[in-house]
Amino acid sequence: MSEPRSRIRVIDLETAGNGPDDVCEIGWQDVEQGDDGLWRLSDAPGSRLVNPGRPNSLETMAVHHILDEQVSGAPFWKAVAPEILRRKAASWRWPPIGRRSSSGTAGPHLTGGAGWICTWISALRLWPELPSFSNQRLRYQRRPEGLVHEMGLPAHRALPDAYITAHHLRDMLNEASADQLLAWSQEPGLLPRVPAGADRGKAVPDLGDEALRALARDRDADLRFSAEPELRRRGEAPTPPPSGQQSLL
């Protein structure tokens with residue numbers, strides 16, 4: 001079997017719930033481009049338990065069910081991360097704080113400068129007609145070809161979640177180039193509809209002028225970014241959010 005043209009590693013993390021660096025599990029699933037130009041899942045997924053250096057919060061244990069005693073003898077994040085992360089990578093809007101490769105959780109010192117594809121942002125661009133863009137909802141809305149239901153369970157564990165995300169990424173790469181996905185991932189999410197509030201579910205172009213202006217002043221970077229193209233189309237310049245209301249993203 002010939003070597004793939006390109007390989008991208010999908011990463012999923014579970015954390016102890018106490019900060020951006022308290023990883024307790026990492027899972028990965030590679031996608032590879034064949035000689036025919038099509039992308040497919042590789043046959044070498046993996047996962048590692050990680051010592052987060054602090055106890056798991058009750059809230060996160062109730063989600064992923066990883067016990068403190070299971071990770072107490074595992075290596076720490078900075079010992080595990082480099083060998084797994086040093087390649088072009090993709091994730092489901094991860095890291096949770098900043099979601100950029102400059103995040104302390106997966107900064108250039110750990111990734112070797114690898115770029116990050118945000119699959120949540122890419123899904124907004126490629127499949128805006130869908131009603132929801134969460135990883136698991138896309139799983140059932142789209143029913144990706146070849147996805148083995150049992151291999152995607154249990155949800156909220158690193159390897160099954162990486163496996164699910166890899167199917168979404170494979171399909172994205174067969175619709176758009178990796179460079180395009182990387183470029184989109186450097187921007188906020190382009191939301192096709194308003195996610196909350198009085199106009200919840202309404203398409204952004206269908207908003208009235210005042211509602212659109214309010215969206216463009218919101219502290220959330222995704223909302224502002226999503227309103228700006230329609231504002232420009234209507235001949236208005238986007239207004240910066242009030243001082244002190246800048247998004248953390």
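Values reported hereafter were calculated over all heavy atoms of this structure, with side chains retained and with hydrogens, waters and symmetry mates removed. Being a predicted model, the structure only gives us computed values, none of them experimental.
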Any H156 side-chain heavy atom under 4.5 Å of D161 side chain: yes
Trace of the side-chain hydrogen bond (donor to acceptor under 3.5 Å, both in side chains) decision for N135 with T165: CA-CA 7 Å; N135 203 23; T165 306; 2.8 Å; yes
Counting N and O atoms only, with roles assigned by atom type, does the side chain of T60 sit under 3.5 Å from a partner on the main chain of A16, one being a donor and the other an acceptor? yes
L126/W184 under side-chain contact (heavy atoms from CB on, under 4.5 Å): CA gap, chis, key distance, verdict: CA-CA 11 Å; L126 290 170; W184 284 335; 3.8 Å; yes
Can you tell me if N51 uses its side chain to pair, donor with acceptor, with the backbone of G73 under 3.5 Å? no
Report the residues that fulfil side chain to side chain contact (heavy atoms under 4.5 Å, CB included) with L67, sequence neighbours left out, ordered by chain and then residue number. M61, E69, Q70
Taking the side chain as everything from C-beta on, heavy atoms only, tell me whether E14 gets closer than 4.5 Å to V23. no
For E210, enumerate each residue passing the salt bridge (charged side-chain N to carboxylate O under 4.0 Å, His left out) test, keeping only those at least two apart in sequence or located in another chain. R213
Are W120 and Y140 linked, directly or through intermediate hydrophobic residues, by side-chain heavy-atom contacts shorter than 4.5 Å (ILVMFWY only)? no
Tell me whether D36 at atom CG has more than 12 heavy atoms from other residues, nucleotides or ligands lying less than 6.0 Å away. yes
Test item: T119 side-chain N/O and L169 main-chain N/O as donor-acceptor pair under 3.5 Å: no
Within the distance-only criterion (no hydrogens, no angle test), does the side chain of Q141 pair as donor or acceptor with the backbone N or O of S132 below 3.5 angstrom? yes
Closest approach of A166 to L41 (non-hydrogen atoms, all atoms of both residues): O-CD1, 3.8 Å
Using atom types as modelled and distance alone, determine if a side-chain donor or acceptor of D68 lies under 3.5 Å from a backbone N or O of P55. no
R139/S134 under side-chain contact (heavy atoms from CB on, under 4.5 Å): CA gap, chis, key distance, verdict: CA-CA 9 Å; R139 169 187 187 173; S134 74; over 6 Å; no
Got a donor-acceptor contact below 3.5 angstrom from the S226 side chain to the L191 backbone? yes
For a quick test of reading the model, state the closest non-hydrogen atom pair linking P188 to A221 and the distance between them. CB-O, 3.7 Å
Y163 (side chain) donor-acceptor with A158 (main chain) under 3.5 angstrom: no
Before giving the answer on side-chain contact (heavy atoms from CB on, under 4.5 Å), spell out for T15 and E25 the whole-Å C-alpha distance, their side-chain angles and the decisive distance to 0.1 Å. CA-CA 7 Å; T15 70; E25 186 180 40; over 6 Å; no
Group every Ile, Leu, Val, Met, Phe, Trp and Tyr by side-chain heavy-atom contacts under 4.5 Å, then state whether F225 and I121 land in the same group. no
Nearest-0.5 Å distance, SG of residue C118 to CG of residue L182: 11.0 Å
Could you go step by step and tell me if L13 and W77 meet the side-chain contact (heavy atoms from CB on, under 4.5 Å) rule? CA-CA 11 Å; L13 298 181; W77 174 240; 3.8 Å; yes
Measure the CG-CD distance between D43 and E32 for me, rounded to the nearest 0.5 Å. 7.5 Å
Do W127 and I117 belong to the same hydrophobic cluster, where Ile, Leu, Val, Met, Phe, Trp and Tyr are linked whenever their side-chain heavy atoms lie under 4.5 Å apart, directly or via other members? yes
Within the side chain of R125, is there an N or O that forms a donor-acceptor pair under 3.5 Å with the backbone of G189? no
Side chain to side chain contact (heavy atoms under 4.5 Å, CB included) against A203, all qualifying residues, sequence neighbours excluded: P205, D206
So, using side chain to side chain contact (heavy atoms under 4.5 Å, CB included) as the criterion, who are the partners of R48 when residues are at least two apart? I26, W28, P75, V80, E83, I84
Quick check: do Q29 and S42 have side-chain heavy atoms less than 4.5 Å from each other? yes
I need the minimum non-hydrogen distance between G201 and R193, along with the two atoms involved. O-CD, 3.5 Å
Search all heavy atoms of P195 against all heavy atoms of L223 and return the closest pair with its distance. CD-CD2, 3.6 Å
Tell me whether L159 is reachable from I8 by hopping between hydrophobic residues (I, L, V, M, F, W, Y) whose side-chain heavy atoms are closer than 4.5 Å. no
Who else is in L38's hydrophobic cluster (ILVMFWY, side-chain heavy atoms under 4.5 Å, direct or via others)? none
Between R9 and D30, does any NZ, NE, NH1 or NH2 come within less than 4.0 Å of an OD or OE carboxylate oxygen? yes
Could you check whether any side-chain N or O of D199 sits under 3.5 Å from a backbone N or O of V194, counting only pairs where one atom can act as donor and the other as acceptor? no
Would you say that P52 contacts V71 through its side chain, given a criterion of any heavy-atom pair below 4.5 Å between the two side chains? yes
So does R40 pair up with E145, basic N to acidic O under 4.0 Å? no
What closest approach, in Å, do L124 and P192 show between heavy atoms, and which atom pair accounts for it? CD2-CD, 3.8 Å
Is there a continuous path of hydrophobic side-chain contacts, each under 4.5 Å between heavy atoms, that joins L85 to F76? no
Side chain to side chain contact (heavy atoms under 4.5 Å, CB included) partners of P144, counting only residues at least two apart: R142, L147, H167, H168, R170, D171
R137 atom CZ, over 12 foreign heavy atoms within 6.0 Å: no
Considering only NZ, NE, NH1 and NH2 on the basic side and carboxylate oxygens on the acidic side, decide whether E236 and R232 come within less than 4.0 Å. no
For residues D22 and G17, report the shortest heavy-atom separation together with the two atoms involved. OD2-N, 3.0 Å
